[in-house]
Student: 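My structure is below; once you've seen it, I'll send some questions.
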Amino acid sequence: MEKPVEEPFSRLTDDLIAEILSRVPYKSLRICECVCPAWRAVVTDPASRRRIAQTLAGFFHIVTDDEAPGFAVSYADLSAFPWASVPKAYPRLPVPPDRTDCFFYPEDSSDGLFLTRVAPPLACVRRDEKFLYMVSNPATGDYFVLPHSGYTGGHRRAYLGFDGDAPTQEFHVFEFVLEKIQALRPTVVRRVNIYSSETGAWVARESQWNGGFTLRCRQPGVFRKGCLHLLTDQSALAIVDAQGLKWRTVPLPTFVDPSIQIFIGKSAGQLLYIDSSDRQGRGSDRFFSISVYALSVGIYQWDVSCPDDIFVPWEPLWKLSNVAPKKRFKVDLALQFTGVHPHANIIFLVSFWDGELIAYDLDHHESTVVYHIHPDYERSRPFLPYVSLLSRLPLDGGMQLATPN
């Protein structure tokens, strides 16, 4: 009797399969995921996440809902472009079956996870209404509704912290409590409530940013090296760690007026800062120059103090002009930064004048219209980048994120 022929692939260990799949483009990777249960297990294994390609697929953004009060969520698909390498798909933010009548409002995204505010019906017009936060993964349909933070005031700003490159799968939610000191002055940060998926609890910390900092409106947070980074109106980058124990502010490369367009994003493991303060003028056919800097890793040496004339926190990478030629617009009002590609040297801008989402290639100095924006786009809210995260995230005690039926 002849022995059954052994399949060559059966001899490969999971580590070898993961190493092979790490060289496969994202679009083909999704096909490999369907080959067999063993391959799917390797692709979705959190231990493989750092090696396997998971890149920008599109942006979620908020539009005015004509059929109901409040807002609706739209999706800008970018799968048609070479640097995307993702299949065409229209992911949806998960909705818990027992909360279909609630008001959902996306707050932030971080490496494939999304933070959404969940409020009872009509709560969108009541600033003191108790609402909850939900963290979800559109790629898997997983979601988790957090316990209430304990804060019921109206002035707050929430951000999500999750690092897809870190060995841990823990995520954090930062709820900054803001206070208005004077009637006509902007709010400043007074404290932060931080939720950890590892402990399943909130902790409250008083702000250690001296002087009272105002968080920039319509600006994302960037979570990197266990810290949340935020832009402020005081020409500084504000940093706080995931435990709320370490606080730091870093001056921006140049003084920036609050009316000037600036942006931060994470690309290839670096935190990038984009500055448009070098204007060309309101009557010009050229977009103002932009400067791109990378944040030095030295700022995370919390216990080491260096004189300002020795330590340089920012490394200049690009200085470019004529980014959007043949576009007439009002400076800072009709063209805004909205994203950074996580793996390619590409930044994204929204042209309100023409209703376009523009990708600008920093290496080749080329701009391309990649999406036509819905006319009812809510300008006061940012575009939230979507990176398809194939891994499922265990919470404290090994519990899995609840999956809708």
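No experiment lies behind these values; they were computed from the predicted model shown.
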Student: Knowing that exactly one of R205, R190, R157, R156 qualifies, which makes a salt bridge (charged side-chain N to carboxylate O under 4.0 Å, His left out) with E175?
Tutor: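 When salt bridge (charged side-chain N to carboxylate O under 4.0 Å, His left out) is applied between E175 and each of R205, R190, R157, R156, only R156 qualifies.
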Student: Does the side chain of Y195 reach to within under 4.5 Å of the side chain of V203, using non-hydrogen atoms?
Tutor: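 Side chain of Y195 against side chain of V203, heavy atoms only: no contact under 4.5 Å found.
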Student: Evaluate the side-chain proximity of S197 to H172: yes if any heavy-atom separation is below 4.5 Å, no if none is.
Tutor: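 With C-beta onward as the side chain, the pair stays apart.
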Student: Can you name the ring-ring contact (aromatic ring centres under 6.0 Å, His included) partners of Y133, sequence neighbours left out?
Tutor: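 Checked Y133 against ring-ring contact (aromatic ring centres under 6.0 Å, His included); matches are F131.
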Student: Could you tell me which residues satisfy side-chain hydrogen bond (donor to acceptor under 3.5 Å, both in side chains) with S267, sequence neighbours excluded, listed by chain and number?
Tutor: none
Student: Roughly how far, to the nearest 0.5 Å, is CG of L115 from OH of Y159?
Tutor: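 Those atoms lie 11.0 Å apart.
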Student: Just jot down the side-chain hydrogen bond (donor to acceptor under 3.5 Å, both in side chains) partners of D241, sequence neighbours excluded, or say none.
Tutor: none
Student: The criterion is salt bridge (Lys or Arg N to Asp or Glu O under 4.0 Å); which residues satisfy it with D111, sequence neighbours excluded?
Tutor: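 Testing D111 for salt bridge (Lys or Arg N to Asp or Glu O under 4.0 Å), a comparison that skips the adjacent residues, returns K266.
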Student: Tell me if a side-chain donor or acceptor on S276 pairs with a main-chain N or O of Q261 at a distance below 3.5 Å.
Tutor: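 Answer holds: yes.
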Student: The test is side chain to side chain contact (heavy atoms under 4.5 Å, CB included); show your working for Q219 and F263 and say whether it passes.
Tutor: CA-CA 7 Å; Q219 288 289 334; F263 194 83; 3.6 Å; yes
Student: Report yes if some heavy atom in the side chain of Y273 is under 4.5 Å from a heavy atom in the side chain of I262; otherwise report no.
Tutor: yes
Student: How many angstroms lie between atom CD1 of I347 and atom NE2 of H341, to the nearest 0.5 angstrom?
Tutor: 13.0 Å
Student: Judged by modelled atom types alone, do N137 and D142 share a side-chain donor-acceptor pair under 3.5 Å?
Tutor: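 There is no such pair between these side chains.
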Student: Let's go through L146 and V135 carefully: what are the C-alpha distance in whole Å and the side-chain angles of both, what is the deciding distance for side chain to side chain contact (heavy atoms under 4.5 Å, CB included) to 0.1 Å, and is it a yes or a no?
Tutor: CA-CA 8 Å; L146 279 60; V135 174; 3.8 Å; yes
Student: Sequence neighbours left out, what passes side-chain hydrogen bond (donor to acceptor under 3.5 Å, both in side chains) with N210? Give chain and number order.
Tutor: none
Student: Any idea which heavy atoms bring L384 and P106 closest together, and the distance?
Tutor: CD1-CB, 3.7 Å
Student: Once you round to the nearest 0.5 Å, how far does CG of N345 lie from NE2 of H364?
Tutor: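 Rounded to the nearest 0.5 Å, the CG-NE2 separation comes out at 10.0 Å.
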Student: Hey, would you say the F60 and Y386 ring centroids sit under 6.0 Å apart?
Tutor: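 Yes, the ring of F60 comes within the 6.0 Å limit of the ring of Y386, centre to centre.
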Student: Mind listing the closest non-hydrogen atom pair of K225 and D163 along with its distance?
Tutor: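 For K225 and D163, the tightest heavy-atom pair comes out as N-OD2, 3.8 Å.
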Student: By salt bridge (Lys or Arg N to Asp or Glu O under 4.0 Å), which residues pair with E315, not counting sequence neighbours?
Tutor: none
Student: Quick check for you: to the nearest 0.5 Å, what is the distance between T249 atom OG1 and I239 atom CD1?
Tutor: 8.0 Å
Student: What is the minimum heavy-atom distance between G112 and P138, and which atoms define it?
Tutor: O-CD, 3.7 Å
Student: Can you name the closest pair of heavy atoms from S291 and Y293 and give their distance?
Tutor: CB-CE1, 3.6 Å
Student: Please report the shortest heavy-atom distance between V250 and P313, naming the atom on each side.
Tutor: CG1-CB, 3.6 Å
Student: Counting distance only, does the side-chain N/O of S235 pair as donor-acceptor with the main-chain N or O of V256 below 3.5 Å?
Tutor: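 Answer holds: yes.
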Student: Name all residues meeting the side-chain contact (heavy atoms from CB on, under 4.5 Å) criterion together with S74; count only those two or more places apart in sequence or in a different chain, and write none if there are none.
Tutor: H61, V63, Y371
Student: For a 4.5 angstrom cut-off between non-hydrogen side-chain atoms, does L178 reach V188?
Tutor: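 A side-chain contact is absent here, since even the closest heavy-atom pair is not under 4.5 Å.
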Student: So, using salt bridge (Lys or Arg N to Asp or Glu O under 4.0 Å) as the criterion, who are the partners of E170 when residues are at least two apart?
Tutor: none
Student: Run the side-chain contact (heavy atoms from CB on, under 4.5 Å) test against S207 and tell me which residues pass, sequence neighbours left out.
Tutor: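 Listed in chain order: V189, W209, W247.
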Student: What is the minimum heavy-atom distance between P342 and V387, and which atoms define it?
Tutor: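 Looking at all heavy atoms of both residues, the closest pair is CG-CG2, 4.3 Å.
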Student: Taking only residues two or more places apart in sequence or in another chain, which ones pass ring-ring contact (aromatic ring centres under 6.0 Å, His included) with F59?
Tutor: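 Testing F59 for ring-ring contact (aromatic ring centres under 6.0 Å, His included), a comparison that skips the adjacent residues, returns F348, F383.
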Student: Roughly how far, to the nearest 0.5 Å, is the CG atom of L228 from the CG atom of D108?
Tutor: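 Interatomic distance, D108 CG to L228 CG, rounded to 0.5 Å: 8.0 Å.
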Student: To the nearest 0.5 Å, how far apart are OG1 in T214 and CG in L231?
Tutor: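 Interatomic distance, T214 OG1 to L231 CG, rounded to 0.5 Å: 13.0 Å.
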Student: Does the side chain of V240 come within less than 4.5 Å of C227's, by heavy atoms?
Tutor: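 SC-SC contact between C227 and V240 ruled out.
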Student: Any donor and acceptor pair, going by atom type alone, linking the side chain of Q208 with main-chain N or O of E206 inside 3.5 Å?
Tutor: yes
Student: Keeping the roles fixed (side chain from T368, backbone from V370), state whether a donor-acceptor pair exists under 3.5 Å.
Tutor: no
Student: Which residues pass the side-chain hydrogen bond (donor to acceptor under 3.5 Å, both in side chains) test with H229, sequence neighbours left out?
Tutor: Y300
Student: Looking at side-chain heavy atoms only, is the closest gap between W314 and L237 below 4.5 Å?
Tutor: yes
Student: Flag the pair L349 / Y360 as yes when at least one side-chain heavy-atom distance between them is below 4.5 Å, and no otherwise.
Tutor: yes
Student: List for me each residue that meets salt bridge (Lys or Arg N to Asp or Glu O under 4.0 Å) alongside R191, sequence neighbours excluded, and say none if there are none.
Tutor: none
Student: Do the side chains of F171 and S110 get nearer than 4.5 Å, heavy atoms only?
Tutor: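 No. Closest side-chain heavy atoms not under 4.5 Å.
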Student: Is there a side chain to side chain contact (heavy atoms under 4.5 Å, CB included) between V350 and I373 once you walk through the steps?
Tutor: CA-CA 8 Å; V350 173; I373 304 170; 3.2 Å; yes
Student: Hey, does the side chain of S109 reach the backbone of L113 with a donor-acceptor pair shorter than 3.5 angstrom?
Tutor: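 Not at all, since once roles are kept as given, no pair shorter than 3.5 Å links the two residues.
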Student: One pair to check against side chain to side chain contact (heavy atoms under 4.5 Å, CB included): V145 and V118. What are the steps and the verdict?
Tutor: CA-CA 9 Å; V145 179; V118 182; 5.5 Å; no
